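Everything on this sheet refers to the single structure shown next.
Please read all numbers here as calculations on a predicted model, not as lab measurements.
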Amino acid sequence: MHVIVVTGENQQQELIPKRTTDRVDFVTTLRNKNPSHLIDAIIDLGFQPEDERISQLQQYQPGVVIVNSVISTLDQFPDGFVRINGWPGFLRGPLIEASASNEDAKKLAGEIFSLFEKSIEWVPDIMGFISPRILSMIINEAYYALQEGVSGKAEIDTAMKLGTNYPYGPFEWAGKIGLNNIADLLSNLSATIPRYQPAELLLKESISR
């Protein structure tokens, strides 16, 4: 089985298994040097929902195409694509949050992630999945607390890590994911669900970065 993973170093360290018996190639950029019939799957953790990127990934089909797409949903992609939550921090655990409509792609995706000693939790094809929605709201509440002068960033991060056993505090995690990604998700969700309205300070900091 031949799998290509397009990723940066941090996400690679979260995903890489303790031992791999099958062929897994980690690359930093998307390249189309291998004939598609030799590729069983490509996992694009650096995915951006742009036409050129999607067209490049289609060249790897009929192998399964798995994309890190927290905000964009399946109706924006060709048939056979699989969405996963590949935000930093979420690849560390044993479960991968994912959505797919093609049953063959779902079956193969399950086999692919077993190479990384992980299982897939199939969830509805909604913007933000489930875990990123929750985390984004926690980060948003932390910004509201900061905005209101309740405490500082370092203190809030420490309190969350000690009190909830989170791997990162909300500001630390936002930095790893990219505050612009948090702001984009919250802004898109708040267009139809007001409770996701991002804090003014969060939006201000996301624009300045």
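Annotation: side chain of L15 is not in contact with side chain of T7 (no heavy-atom distance under 4.5 Å). Looking only at side-chain heavy atoms (C-beta outward), V70 and P132 come within less than 4.5 Å of each other. The closest side-chain heavy-atom distance from I43 to F113 is below 4.5 Å. Residues I130 and E121 fail the side-chain proximity criterion, which asks for heavy atoms closer than 4.5 Å. Within the 4.5 Å cutoff, no side-chain heavy atoms of Y168 are placed close to those of I177. M1 is not listed as a side-chain neighbour of V24, based on a closest heavy-atom distance of 4.5 Å or more. Under the 4.5 Å side-chain criterion, counting only non-hydrogen atoms from C-beta, D157 is in contact with P170. Counting heavy atoms from C-beta on, the side chains of L45 and L91 come closer than 4.5 Å.
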Open item on the list: Determine whether K153 and E205 satisfy the following criterion, salt bridge (charged side-chain N to carboxylate O under 4.0 Å, His left out), listing intermediate values before the conclusion.
Closed with: CA-CA 13 Å; K153 288 185 177 181; E205 287 195 8; 3.0 Å; yes
TODO: Could you walk me through whether E14 and Q11 pass the side chain to side chain contact (heavy atoms under 4.5 Å, CB included) test, one step at a time?
DONE: CA-CA 5 Å; E14 290 187 19; Q11 287 168 304; 5.5 Å; no
Open item on the list: Using the rule given for side chain to side chain contact (heavy atoms under 4.5 Å, CB included), can you reason through F81 versus L57, listing the C-alpha separation, both sets of side-chain angles and the distance that settles it, and then say yes or no?
Closed with: CA-CA 9 Å; F81 274 47; L57 289 167; 4.0 Å; yes
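For residues 84-111, the ring-ring contact (aromatic ring centres under 6.0 Å, His included) pairs, not counting sequence neighbours, are F90-W173.
A donor-acceptor pair under 3.5 Å links the side-chain atoms of S99 to the main chain of P124, judged by distance alone. No side-chain donor-acceptor contact under 3.5 Å links D44 to the backbone of V65. At least one donor-acceptor pair closer than 3.5 Å links the side chain of N188 to the backbone N or O of D184. Looking only at distances, a side-chain donor or acceptor of Q61 sits under 3.5 Å from a matching main-chain atom of D79. S55 places no side-chain N or O within donor-acceptor distance of the main-chain N or O of E52, the cut-off being under 3.5 Å. Checking side-chain atoms of K106 against main-chain N and O of S101 turns up no donor-acceptor pair under 3.5 Å. With hydrogens and angles ignored, the 3.5 Å screen pairs a side-chain donor or acceptor of T158 with a backbone N or O of A154.
When all heavy atoms of G86 and N68 are compared, the closest pair comes out as N-OD1, 2.9 Å. Taking every heavy atom of both residues into account, P198 and L203 meet most closely at CG-CD2, 3.7 Å. For the pair P167 and R92, the tightest heavy-atom approach, listed with the atom from each and the gap, is CB-NH1, 3.6 Å. Across all their heavy atoms, M127 and L185 have their closest contact at CG-CD1, 3.9 Å. Counting all heavy atoms, side chain and backbone alike, N85 lies closest to S131 at ND2-CB, 4.2 Å. In terms of heavy atoms, S206 sits closest to L179 at N-CD2, 3.7 Å.
The side chain to side chain contact (heavy atoms under 4.5 Å, CB included) test applied to N180 returns no partner, not counting sequence neighbours.
Taking CE from M160 and CG from N165, the interatomic distance works out to 11.0 Å, rounded to the nearest 0.5 Å. Residue S72 holds its OG atom at 7.5 Å from CD1 of I54, rounded to the nearest 0.5 Å. Note that OH of Y144 and CD of E200 are 7.5 Å apart. Values are rounded to the nearest 0.5 Å. For the atom pair R133 CZ and N140 CG, the distance stands at 14.0 Å (nearest 0.5 Å). Atom CG of N181 and atom OG of S136 lie 9.0 Å apart (nearest 0.5 Å). Here the CD-CD1 distance, from E141 to I139, works out to 11.5 Å after rounding to the nearest 0.5 Å.
When each of L30, D25, V27, V67 is paired with I42, the side chain to side chain contact (heavy atoms under 4.5 Å, CB included) condition holds for L30 and for no other.
Residue L108 is not grouped with residue L95 when hydrophobic side chains (ILVMFWY) are merged at heavy-atom distances under 4.5 angstrom, including chains of intermediate members. In this structure, I134 is not a member of the same hydrophobic cluster as I126, with clusters built from ILVMFWY side-chain heavy atoms closer than 4.5 Å.
Counting non-hydrogen atoms of other residues, nucleotides and ligands closer than 6.0 Å to CG of D75 gives a total above 12.
Seen from the ring of F47, R83 does not count as a face-on cation partner, given the 6.0 Å and 45° thresholds.
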